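Keep in mind that what you see is a predicted model, and the values were worked out from it rather than measured.
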Amino acid sequence: MNSPLIQLLVLAAIAVFLILRLKNVLGTREGFEKPPLPTPAAQRSGPAFEVIEGGPDLDITDHFDEGTAQARALAEMKRIEPSFNVTDFLAGARGAYEMIVMGYERGELDEIKAFLSEDIYESFVDGVAAREDQGLTIEANFIGVREMSLENVTLDPDTKEAEMTLKFVAELTQAVRNKEGEIVEGSITDAKKQKDTWVFARIMGSDDPNWFLVSTDG
């Protein structure tokens, strides 16, 4: 056998050996082989939650059920005057109640005239004048509003006049003194509860932001 043939057979044997070794290595999953990528999770049929747009206005439904006449009136009031807010109105009404009660008790009507309708103002003037004619004065101290609730709401579709009926339960001390300064009724130390149902009115969308007290029912 000549030398070239022997060399060819040796090279062939080496090639077969290398192929078998390579096959053995590629057929395993050992070493630094990159792990297979995870199978993508199945797509959900929908989002995890839905954002509900145009839901109930809590500023309204905190006071009246959705769909009631009062809730519809409040919604229309907000449509006419987008800046109107029930929560802000109630905060203002609480402060106005104390101011008006104490203004009447002390006979200081000029301080509260801007918050009263003409009829209510005239009735307050008559009440203060009647006790002055009898020589009576009132010493009062406002302790606070203990309860307040929005009882009713109406809106005239033609005039856009809104009326808000509120019930107040307040606590105050009140003593009525005669000409001699003697207490003839009440007490300066013993607090009493005062319950009132008042109606405030205003033309929605008007330039005047003030609500006026138009009715009182103690």
Query - Between CD1 on residue I100 and CD on residue E105, distance to nearest 0.5 Å - result: 12.5 Å
Query raised in the report: Under 3.5 Å, is there a donor-acceptor pair between the side chain of D196 and the main chain of D217?
Result: no
Report task. In sequence, state the C-alpha distance, the side-chain angles, and the governing distance for N85 and D59, and then conclude on side-chain contact (heavy atoms from CB on, under 4.5 Å). Result -> CA-CA 7 Å; N85 182 281; D59 188 50; 3.5 Å; yes
Report task. Would you please indicate if the ring centroids of W211 and F115 are separated by under 6.0 Å? Result -> no
Query raised in the report: Are S149 and E151 close enough, and set up right, to give a side chain to side chain donor-acceptor pair (under 3.5 Å), and what steps lead you there?
Result: CA-CA 6 Å; S149 59; E151 298 291 302; 2.5 Å; yes
Query - Pairwise side-chain contact, F142 with T173, heavy-atom cut-off 4.5 Å (strictly under) - result: no
Query raised in the report: Could you walk me through whether D156 and E163 pass the side-chain contact (heavy atoms from CB on, under 4.5 Å) check?
Result: CA-CA 9 Å; D156 188 310; E163 290 192 352; over 6 Å; no
**Report entry** Six-ring centre of Y104, R131 cation under 6.0 angstrom, axis tolerance 45°
**Finding:** yes
Query raised in the report: Hey, is the main chain of T165 close enough, under 3.5 Å, to the side chain of N152 for a donor-acceptor pair?
Result: no
Query raised in the report: Would you say N178's side chain and G181's backbone share a donor-acceptor pair under 3.5 angstrom?
Result: yes
Query raised in the report: Under 3.5 Å, is there a donor-acceptor pair between the side chain of T68 and the main chain of F64?
Result: no
Query raised in the report: Does the distance from a Lys or Arg side-chain N to an Asp or Glu carboxylate O, for E171 and K193, drop under 4.0 Å?
Result: no
Report task. Classify the angle between the aromatic ring planes of Y97 and F168 as parallel (below 30°), tilted (30 to 60°) or perpendicular (above 60°). Result -> parallel
Report task. Mark yes when over 12 heavy atoms from residues, nucleotides or ligands other than D110 sit less than 6.0 Å from its CG; otherwise mark no. Result -> no
Query raised in the report: Rounded to the nearest 0.5 Å, what separation is found between the CD1 atom of I60 and the CG atom of D65?
Result: 12.5 Å
Query - Enclosure of E118 CD (heavy-atom neighbours >12, cutoff 6.0 Å) - result: no
**Report entry** Salt-bridge criterion met for D208 and R202 (N-O under 4.0 Å)
**Finding:** no
Requested in this report: Answer yes or no: is there a donor N or O on one side and an acceptor on the other, between the side chain of R94 and the main chain of M148, under 3.5 Å?
Outcome: no
Requested in this report: Kindly compute the distance separating CE (M164) from CD (Q70), expressed to the nearest 0.5 Å.
Outcome: 11.0 Å
Requested in this report: Mind running side-chain contact (heavy atoms from CB on, under 4.5 Å) on L213 and Y121 for me, showing each step along the way?
Outcome: CA-CA 9 Å; L213 178 61; Y121 176 73; over 6 Å; no
Query raised in the report: Got a sec: does the CD of E185 have more than 12 other heavy atoms crowding it under 6.0 Å?
Result: no
**Report entry** Lys/Arg N to Asp/Glu carboxylate O, K160 vs E76, below 4.0 Å
**Finding:** no
Requested in this report: Could you walk me through whether E139 and R177 pass salt bridge (charged side-chain N to carboxylate O under 4.0 Å, His left out), step by step?
Outcome: CA-CA 8 Å; E139 182 179 345; R177 297 182 182 274; 2.9 Å; yes
Query - NZ (K167) with more than 12 external heavy atoms under 6.0 Å - result: no
